[in-house]
Amino acid sequence: MILRRSAAGGLQTIHMKEKINLKGLWIEDLEKLLGDLGEKKYKANQLALWMYDKRATDFNQMTDLSKTLREKLSSIAYIDGIKLLKTQTSSLDFSEKFLFKLIDGEKIETVLMWEKNRATICVSTQVGCPLGCTFCATGKMGFKRNLTTGEIVDQIMALKDRKITHVVLMGMGEPLLNYDNTIKALKIMNSELGLSLAANKITLSTAGIQDMIKKLADQALKPKLAISLNAPTDEKRSQLMPINKKHPLKALLEAVKYYTSKKKGRITFEYVLIKDFNDSQKDALELSKIVQGIPCKINLIPYNSAPDLPFEKPSKEKIIAFRDYLYPRCPTVTLRQSKGEDIQAACGQLSASTKP
Ligand code: SAH
Ligand code: SF4
């Protein structure tokens with residue numbers, strides 16, 4: 001049942017089959033809902049604060065809302081989230097991998113990594129991924145569906161006892177192909193009524209869709225941007241990332257430049273190092289050339305093996321040689337230490353194939 005304002009200003013009762021889940025609704029949606037209930041719109045802020053900051057799941061906890069409003073809300077809505085099925089902790093570095101069950105039974109994985117006083121959560125935005133990169137376990141599992149806004153933020157909210165300081169949208173899926181839900185999730189993460197994370201503590205990683213990068217650049221809330229570059233030429237990149245055929249390097253780099261013109265600071269290029277494929281001195285030289293003029297950092301990620309994928313990590317010596325050749329030619333180069341390799345929690349290993 002829902003109460004609606006009648007043309008005369010009174011309340012009308014409308015019967016609805018299903019209650020709505022408020023998790024994932026943000027200020028504009030809550031204002032609309034309150035308007036429909038004949039309530040003042042400013043109460044949307046209180047409701048958001050209770051749901052996201054205080055993490056209330058029962059309207060009766062919302063003691064500064066009137067009893068009448070709480071009753072109205074209970075009669076038409078509920079607050080529910082994703083369910084934690086399983087936690088695995090790495091014995092190598094204490095990173096943790098979480099398997100969550102969604103309302104329709106689908107599963108996603110989320111990873112938490114610790115580094116000094118940083119706790120970074122690697123959040124998924126889709127179940128699977130439609131882009132099918134040939135080196136990535138998520139790409140291999142194919143695409144099931146987009147996550148809702150609620151399912152994206154809930155990965156962070158569900159881990160309430162961990163003091164999360166940074167978020168990277170680098171789990172399963174391509175965030176820019178789930179644009180609206182991702183943006184709304186970013187707003188909830190960033191707001192003081194929500195999770196109070198500064199925009200610079202949130203990184204969005206993308207395989208590179210130029211129009212969407214530009215759209216993101218034109219938005220008020222701009223996260224840090226990471227681009228999965230992975231190869232220095234169109235010919236090689238298309239072999240790893242089929243999306244490169246439609247969105248080649250030139251267009252991608254032009255969109256990246258646009259982003260850096262709109263948001264101060266460097267972007268990150270991620271480069272997965274694959275044995276005998278993109279790990280030569282020639283590759284490093286070409287890579288250093290294509291990123292010239294872009295304020296950036298290059299993050300080298302030694303390939304993490306994934307079941308049934310035909311790639312390997314280069315030797316330690318090769319990785320160091322690549323980094324040392326690249327470094328004087330590019331302003332900043334980092335070599336990522338993989339986390340959680342023993343629990344299949346490293347980059348590109350998420351596939352939610354684990355049985356509960
Ligand atoms: N779809 C987005 C975000 C998720 S992928 C994107 O591609 O950016 C997150 C990162 O994992 C990407 O940088 C990708 O290149 C990297 N990755 C995927 N498979 C990997 C693997 N097997 N080893 C190391 N990194 C991998
Ligand atoms: Fe999708 Fe990113 Fe994996 Fe490519 S690397 S398949 S875009 S999750």
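Count residues from 1 along the sequence. In this text, all values refer to a predicted model and were calculated from it rather than measured experimentally. As the structure lists them, so they are numbered: ligands from 1, and atoms in each ligand from 1.
Taking a 4.0 Å cut-off on heavy atoms, G171 registers as neighbouring ligand 1. Proximity of A207 to ligand 1 is established by a heavy-atom distance of less than 4.0 Å.
Taking every heavy atom of both residues into account, G173 and P175 meet most closely at O-CD, 3.5 Å.
Close contacts of ligand 2 with C129, meaning ligand atoms under 4.0 Å from a residue heavy atom, involve 1 (Fe), 6 (S), 7 (S), 8 (S). Taking every heavy atom of C133 and a limit of under 4.0 angstrom, the matching atoms of ligand 2 come to 4 (Fe), 5 (S), 6 (S), 7 (S). Ligand-side atoms of ligand 2 in range of L131: 7 (S), range being under 4.0 angstrom from any heavy atom. Taking a cut-off of under 4.0 Å to the non-hydrogen atoms of G139, the atoms of ligand 2 that pass are 6 (S). Applying the 4.0 Å criterion to heavy atoms of M170 picks out, from ligand 1, the atoms 4 (C), 9 (C). The ligand atoms of ligand 1 that sit less than 4.0 angstrom from a heavy atom of E174 are 1 (N), 2 (C). Within ligand 1, counting atoms from 1 as listed, the ones closer than 4.0 Å to a heavy atom of G173 are 1 (N), 2 (C), 3 (C), 4 (C). Against a heavy-atom cut-off of under 4.0 Å, A207 is close to the following atoms of ligand 2: 7 (S).
Taking the charged nitrogens against the carboxylate oxygens, K282 and E286 do have a contact shorter than 4.0 Å, which makes a salt bridge. Note on E71 versus K67: salt bridge recorded, some NZ/NE/NH1/NH2 to OD/OE distance being below 4.0 Å.
Considering backbone and side-chain atoms together, L169 places no N or O closer than 3.5 Å to any N or O of ligand 1. Looking at ligand 1, you won't find any N or O of C136 less than 3.5 Å from one of its N or O atoms.
Partner of N200 under the side chain to side chain donor-acceptor pair (under 3.5 Å) criterion, chosen from K263, K222, H166, K264: K263. For the ring pair (Phe, Tyr, Trp, His ring centres under 6.0 Å) with Y271, the lone residue among Y303, F322, F135, F277 that qualifies is F322.
With hydrogens and angles ignored, the 3.5 Å screen pairs no side-chain donor or acceptor of D279 with any backbone N or O of L273.
Counting only heavy atoms, the protein never gets under 4.0 Å from atom 2 (Fe) of ligand 2.
Proximity of E270 to ligand 1, defined as any heavy-atom pair under 4.0 Å, is confined to the side chain (atoms from C-beta onward). Residue contacts with ligand 1, taken as heavy atom pairs separated by less than 4.0 Å, involve V272 solely via side-chain atoms from C-beta onward. Only side-chain heavy atoms of N230 come within less than 4.0 Å of ligand 1; its backbone N, CA, C and O stay farther off. The backbone and the side chain of F135 each have at least one atom closer than 4.0 Å to an atom of ligand 1 (non-hydrogen atoms only).
More than 12 heavy atoms of other residues, nucleotides or ligands lie within 6.0 Å of OH in Y258, so this atom counts as buried by the packing criterion. More than 12 heavy atoms of other residues, nucleotides or ligands shown are found within 6.0 angstrom of NZ on K214. In the displayed structure, K184 atom NZ is contacted under 6.0 Å by more than 12 heavy atoms of other residues, nucleotides or ligands.
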Run the numbers on I76 and D36 for side-chain contact (heavy atoms from CB on, under 4.5 Å), then give the verdict.
-> CA-CA 11 Å; I76 58 142; D36 284 350; over 6 Å; no
In sequence, state the C-alpha distance, the side-chain angles, and the governing distance for L221 and I183, and then conclude on side-chain contact (heavy atoms from CB on, under 4.5 Å).
-> CA-CA 8 Å; L221 175 57; I183 295 298; over 6 Å; no
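Counting heavy atoms only, S205 comes closest to atom 3 (C) of ligand 1 of the residues S305, S205, A137.
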